[in-house]
Amino acid sequence: MATKASRGTGSGDPGSSTLLPPADPALLDALGRALPGPGQLRTRAVDRLALGHDASHYFLTPTAVVTPHDADDVGRLFAVCAAQGVPLTFRSGGTSLSGQASTAGVLADTRKHFRDIDILDDGARVRVGPGATVRAVNARLARYGRKLGPDPASEIACTLGGVVANNSSGMACGTTGNTYRTLESMVLVLPSGTVIDTGAADADDKLRLTEPALYQGLAGLRDRVRGNVESMRIITAQFAMKNTMGYGLNALVDHTRPVDILTHLIIGSEGTLAFVAAAVFRTVPLLRHAMTGLLVFPDLSAATGSLPALVSTGPATIELLDATSLRVAQSDPACDEIISRITVDRHAALLVEYQADSADAVAEASAAAGPVLRSIPVAGPAELTADPRARARLWHTRKGLYTTVNEARPSGTTALLEDIVVPVPQLLDTCEQLIELFAKHRYTDSVIFGHAKDGNIHFMLTERLGGGGDLDRFAAFTEDMVELVLANGGNLKAEHGTGRIMAPFVRRQYGDELYEVTVRIKQLCDPAGLLNPGVIVTDDDRAHLRDLKVTPTVEPEVDRCVECGYCEPVCPSRDLTTTPRQRIVLRREMQRAREAGDTALLAELETEYEYDGVQTCAVDGMCQTSCPVLINTGDLVRRLRAERIGPATAAGWSTAAKHWAGTTRLAGAALTVAEKAASVLPPTLITGPNELARRVVDPDLLPLYSAELPGGGRPRRASAPTTPGEPEIVFFSACVGTMFGPTEGAPGARESFVRLCERAGVTIAYPDDLPGLCCGTPWKSKGLKDGYQVMVRKVLPRLWAASQQGRLPVVCDASSCTEGLRHMLEHELAQGHFPGLRIVDATAFVAQRVLPRLPIARTVATMAVHPTCSSTQLGINDSLTAVAAAVAESVTVPDTWGCCAFAGDRGLLHPELTASATRAEAAELRAAGEFDAYASCNRTCELGLTRATGHPYQHVLELLDWASAP
C-alpha cells in the first residue's frame, strides 16, 4: 500500500522539528486547490498535534488537517489522496478508545459542517449528519417522545459518525436497538467519489451501474458465505452477542441486495470503507419513568448465577460491578449509602433498572419482579426506588468508575478501558479468569464492570505505554486475554470497535476463511487501501504495540485529563481555535518537545498557543460540567494568563480594584460617548482608529467597539435606601449594569429587581460602599491575583456585615457575577471564614420567593430564552425558564444554545470568538422566525446574543417587571 505520509514519531529534515515531520508540499498544494475555503486546510503545529489525539492510547501525527463542507468536498478529497498516495481518516468526534481515529496521513474533521438534524415522521425517524452528537439528536427527539436506539455512555460527546462507524450500542439497547438494527439508510461517498443514497428507490441499480466491480463482488461474497456451513455457524454464534470485531459479516447473511449489504457493512467499519455523509435512523420510544436498585451479592458467583432469573423479569439494564469496583466506588463521598456501608470482601453487585412510559407502568413492572428479587441470594435489601436523587446516586457510581480509576492513576500513565463479550453462561468463568490475569501480570486495582445482561463487560487497567513503558507485560496480558475470551466463545470487542488494538486478532476470532472475506470487503470498497489503514485489517501482528501515546507529566490540570473529549461539544471556541482537550494535549506536546530538546517545535507551539489556547478561551467553566474527572480548563488558562501579564498591567488592574467605583463610571461614560458619536459620525471614523490602536496595543487588552453596544448605565448609589421594614435580603447589584446600559426602553435588571421585590413585599438591604465592589471576575479571568485579593478583602467583609453575619442571603442580579461571588466565597469558607454566608442569583430568588406573590397583568405570545454558562453552573436554568413562562405563553430554549463566549470583556477583545460560539444558536433562531421577546439573565450575555441575532435581548426580570406592572 503506497503512502507518502510520515510516521507520527518520525524525524524531519535536518534542522527541522524532530517530532513534527514536514508535509509534502505537493500534497498541501493539491489539498489547498481542492478545498480552497477559509480554514479548510490546516497545517500548523497546533492543528496537527491537537487533532492527533483521541481517547485511545495511540497517537499519530496527521500530515494535514482538512475541514470538508459537504459530500462534494469529500469526493475531491478522495481524489487528491488517491493521486498523492496518502492515507485519509475521518474524525467526527474523538472519543475513540481503540485507535481508529488517528492517522499519519490526512485527517478530515467532519464535526463542524455535518451537524444537521432533521426530524422525520413526527420523530419516528431522524436524518443526521456525522458531526451531530447523540445528546443533541436526543434533545431534538425528546419533544416527540422518541430517542435513538444506541445509548452509549459517551452520548454527550460521541457523534453519529462514530456511532455508525463503531456500531454503537450501550447500556439498554443490547443487540436489538443498536446501530445495525435501527439504521435505515445512509448517504455514502465511496473512495471512487461515487455518492450513493442507499435509501433511494433506485439505489441498488445506481450501485450496479456506477460501481459494477463492487456490486458483483458483494454479491459473490454473499453467496460464498451462505454456501459455507462453517462460516454460517461462526457468524450466527458471534453476532448473537454484541460484536464490533472486524466487519459486520452478518450483513452478508441478513441482506440480499448488494446496496443493503453495503449499507450494513459500513456500520461498524470504522471509516475504512467509505464516508457517511448522512444517516437515517428509526427511533425508539423515550421511556421517561424508571425504578432502579443496586443488588449486592456475597460474591461474583451469586451475582452472575442470578442473571437468568433477573433477565426473565424484563429489566432495561443490568450492570455488573465487581468487588474492586465497589471498593473504588466507596472512595467517592457521593456514593449511595447502600455502597458505603458494605464491608467489601468478595462481594459483587448488579445495578438493575426497569423503564416504562408511565409511573404506573414502571411500578407494575417492578412489582412483577418482586418475587424474583426476593428469591435471589442477595447480601442486603433487594429494593427498587423511583426517587430521582437516589437513582442519580446509583448511576453516578456506575458511570463514575471510569472517573475514579482515572483519578487514582499515577501521573504519566494511561488508564485503558477495554470491552469483551461472552455468552452469559460463561460470564462468571470469564470474570474469574480475567481477575487471575490481572494478578499474573501485576495489574493492581483493575476493575471489571459492564452490561451483565448482554455478557458484555468492561475492564480497566493502568499502564505506562509510550516512552519506555512495559510493552512486554502489556503484550503478554493481551495475548492471554485473547485466548481467554475466544476459549469461552466470546468476541474480543463488543462495543468500542476493533481499531488498532484488536486488528491483529481479527483472523484469530473468525478463522482464515472469514478473514479472507474481511480482506476482500476492504479491497472491493477501497482498492487503493487509502482509508484508515491499519484499522480492522492489518498484516502486522504487532500493530497493537506501535504508535503508543506518551503522556508526560506536565501540571495538575493537564495530568488528570484522559483525553475523552466530553468537554468539546460545550466549548465555545471549538469551531474557532481549540477545545479544552486540545488545550491540554498541546501542553503535553510542549512538554514532550521540551524533554526531547526539540526547541524549534516548542517555540512554534508556544507562539501559536498564545492565541489558540489562551486568548480565545472563554474560561466559562462549561468544560467542567461535562468532564468525567471535573477539570476546569479555565483554571489552567487563568494561570497561563497570569504568567503573561507584565508588572505594569498587573499594577494598573490592582489600582482599578482599589478605585472600582470611578473605574466603572469611566467605562460607562466612554460607552456613552461612543454611542453618541456613532449616531452622528460615519462608522469608520470610530472603528478605524480603534482597530489601528489595537494593532499597536495588545489586542488582548484594548477592546473593539461595535455599533450594537449600548451607552453606559447608571452608577450604583453609595448608600442606597433600604426598603422599610426588617430586611429579608441583601442586594448586591452588579457593576456590569454601570458599565453597560440596558436595552433601549428597558429599565435595567437592577431597577426591575427592586420593583419586583417591592410588589412582592420583600424588604431589601444593601452592603456599604456598593459602587466600589465587584465579584472579582475581571481579575480572576485574567489571572490577576493581587487585584483579585484586593477585591476579596473589600467585598466579603461588607457582605458579611450587611447579611447580619450570614443570616440574610445575598442576591445578585447577573448570573456571572453570582457565580463570581460564590467562587470568591468558596476559598474563604474552606478557611473557616464567613460561615453561613449565602449567595443567591436574582432569577432563582424571584422564581422561588417573588413570582408566587406577583399578579401577572400582561404576557407575550412567544419568547426565546438563552441560558448562560453561569446559570448552568449555578443550576438555575429551571428558574430562568420558570420566570420566562410566567411572561410568555410559549418559551423556546434553542437546542443549539451554548456559552456565548462574551465572557465579560472577551467578546469585546475577540469578537470573532463570540461570533463563532453563537453562530449555530443564531441560525436556529432565524429558522424559527420572529419572537415577541428575547431574554437571558446576564447583561454581557444579552449583548453577545443581541450582536449574534440582531434582536434586543434583555434580562428576564425586566420582562417580568413589565408583565407584573400595575
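The first residue of the sequence shown is numbered 1, and numbering continues consecutively from there. What's counted below: heavy atoms across the whole structure, side chains too, no hydrogens, waters or symmetry copies.
Looking at Thr843 and Ser879, their side chains never bring a donor and an acceptor atom within 3.5 Å of each other. Side-chain atoms of Ser870 and Arg822 include no donor-acceptor pair closer than 3.5 Å. With no hydrogens or angles considered, no side-chain donor-acceptor pair links His53 and Gln582 at under 3.5 Å. At a cut-off of 3.5 Å, with distance as the only test, a side-chain donor of Thr579 or Glu568 sits close to an acceptor on the other residue. Counting only N and O atoms by type, the side chains of Gln831 and His833 include no donor and acceptor under 3.5 Å apart. Using a 3.5 Å distance cut-off with no hydrogens or angles, the side chains of Asp961 and Ser752 do pair a donor with an acceptor. Judged purely by distance below 3.5 Å, without hydrogens or angles, the side chains of Ser871 and Asn877 pair a donor atom with an acceptor atom.
Between Asp612 and Leu576 the shortest side-chain heavy-atom distance does not fall below 4.5 Å. Annotation: side chain of Phe740 is not in contact with side chain of Glu942 (no heavy-atom distance under 4.5 Å). Side-chain contact check for Trp800 versus Pro835: some heavy-atom pair is nearer than 4.5 Å. Contact of the Asp813 side chain with the Leu957 side chain is not registered, since no non-hydrogen atoms from C-beta on lie closer than 4.5 Å. Counting heavy atoms from C-beta on, the side chains of Asp769 and Lys794 come closer than 4.5 Å. Looking at heavy atoms from C-beta onward, Trp660 lies in side-chain contact with Cys774 at the 4.5 angstrom threshold. Between Thr607 and Glu604 the shortest side-chain heavy-atom distance does not fall below 4.5 Å. Two residues are said to be in side-chain contact when any heavy atoms from C-beta on lie closer than 4.5 Å; Pro767 and Leu773 meet this criterion.
A salt bridge between Glu555 and Arg639 is present, with a side-chain N of the basic residue lying under 4.0 Å from a carboxylate O of the acidic one. Arg592 and Glu595 are not joined by a salt bridge, as no carboxylate oxygen comes within less than 4.0 angstrom of a charged side-chain nitrogen. Ion pairing of Glu606 with Arg644 is absent here, as no side-chain N (NZ or NE/NH1/NH2) approaches a carboxylate O to less than 4.0 Å. With salt bridges taken as basic N to acidic carboxylate O contacts below 4.0 Å, none links Asp559 and Arg588.
Between Tyr953 and Tyr934, the ring planes are tilted. Angles from 30° to 60° get that label. Taking the six-membered ring where tryptophan is involved, the planes of Phe731 and Phe753 are tilted, since the angle between them lies from 30° to 60°.
Within a 6.0 Å radius of CZ in Arg714, no more than 12 heavy atoms belonging to other residues, nucleotides or ligands are found.
At distances below 3.5 Å, at least one donor-acceptor pair connects side-chain atoms of Arg939 with backbone N or O atoms of Gly741. Looking only at distances, no side-chain donor or acceptor of Glu557 sits under 3.5 Å from a matching main-chain atom of Thr633. Listed for the Thr616 side chain is no donor-acceptor partner under 3.5 Å among the backbone atoms of Thr577. With Arg583 contributing its side chain and Gly613 its backbone, the two residues share a donor-acceptor pair below 3.5 Å. Formation of a donor-acceptor pair under 3.5 Å by the Gln873 side chain with backbone atoms of Gly621 is found in this model. In terms of modelled atom types and a separation under 3.5 Å, the side chain of Asp905 and the main chain of Leu908 share no donor-acceptor contact. The closest donor-acceptor contact from the side chain of Thr763 to the backbone of Glu726 lies under 3.5 Å. For the pair Thr655 (side chain) and Ala651 (backbone), a donor-acceptor distance under 3.5 Å is present. Side-chain atoms of Arg587 do not come within 3.5 Å of backbone N or O of Val554 as any donor-acceptor pair. Arg716 places a side-chain N or O within donor-acceptor distance of the main-chain N or O of Pro771, the cut-off being under 3.5 Å.
Atoms NE2 and SG, from His955 and Cys937 in turn, are 5.5 Å apart once rounded to the nearest 0.5 Å. Interatomic distance, CG of Leu913 versus SG of Cys899, reported as 8.0 Å (0.5 Å rounding). In this structure, CG on Leu636 lies 9.5 Å from CD1 on Ile631, to the nearest 0.5 angstrom. Separation of atoms OG (Ser936) and CD (Gln954) is listed at 11.0 Å; rounding is to 0.5 Å. Considering CD of Gln615 and OH of Tyr609, their distance stands at 12.5 Å, rounded to 0.5 Å. Here the straight-line distance linking atom OG1 of Thr868 with atom CG of Asp620 works out to 9.5 Å at 0.5 Å rounding.
The two residues Ala650 and Ile645 make their nearest non-hydrogen contact at N-CG2, 3.8 Å. The minimum heavy-atom distance linking Leu671 with Gly712 is given by the pair CB-N, 3.8 Å. Gly907 approaches Thr914 most closely through the heavy-atom pair CA-OG1, 3.4 Å. In plain terms, the two heavy atoms of Pro628 and Tyr566 that are nearest each other are CD-CD2, 3.8 Å. Pairing each heavy atom of Gly820 with each of Thr777, the nearest pair is CA-OG1, 3.7 Å. Between Cys571 and Thr578, the closest heavy-atom pair is SG-O, 3.9 Å.
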The test is side chain to side chain contact (heavy atoms under 4.5 Å, CB included); show your working for Tyr788 and Met824 and say whether it passes. CA-CA 9 Å; Tyr788 184 69; Met824 181 183 284; 3.5 Å; yes
For the pair Leu943 and Thr946, evaluate side chain to side chain contact (heavy atoms under 4.5 Å, CB included) and give the outcome as yes or no after the intermediate values. CA-CA 5 Å; Leu943 297 176; Thr946 297; 5.5 Å; no
Under the criterion side chain to side chain contact (heavy atoms under 4.5 Å, CB included), I'd like the reasoning laid out for Arg641 against Val619: C-alpha separation, chi angles, the key distance, then a yes or no. CA-CA 11 Å; Arg641 287 176 181 171; Val619 296; 3.8 Å; yes
Begin from the C-alpha positions of Val730 and Val811 and carry the test side chain to side chain contact (heavy atoms under 4.5 Å, CB included) through to its verdict. CA-CA 6 Å; Val730 175; Val811 181; over 6 Å; no
Dump the intermediate steps for side chain to side chain donor-acceptor pair (under 3.5 Å) on Asp786 and Ser654, then the final yes or no. CA-CA 6 Å; Asp786 292 342; Ser654 294; 5.0 Å; no
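Here the options are Pro572, Cys617, Pro580, Cys869, the test is side-chain contact (heavy atoms from CB on, under 4.5 Å), and the partner is Cys623; only Pro580 passes.
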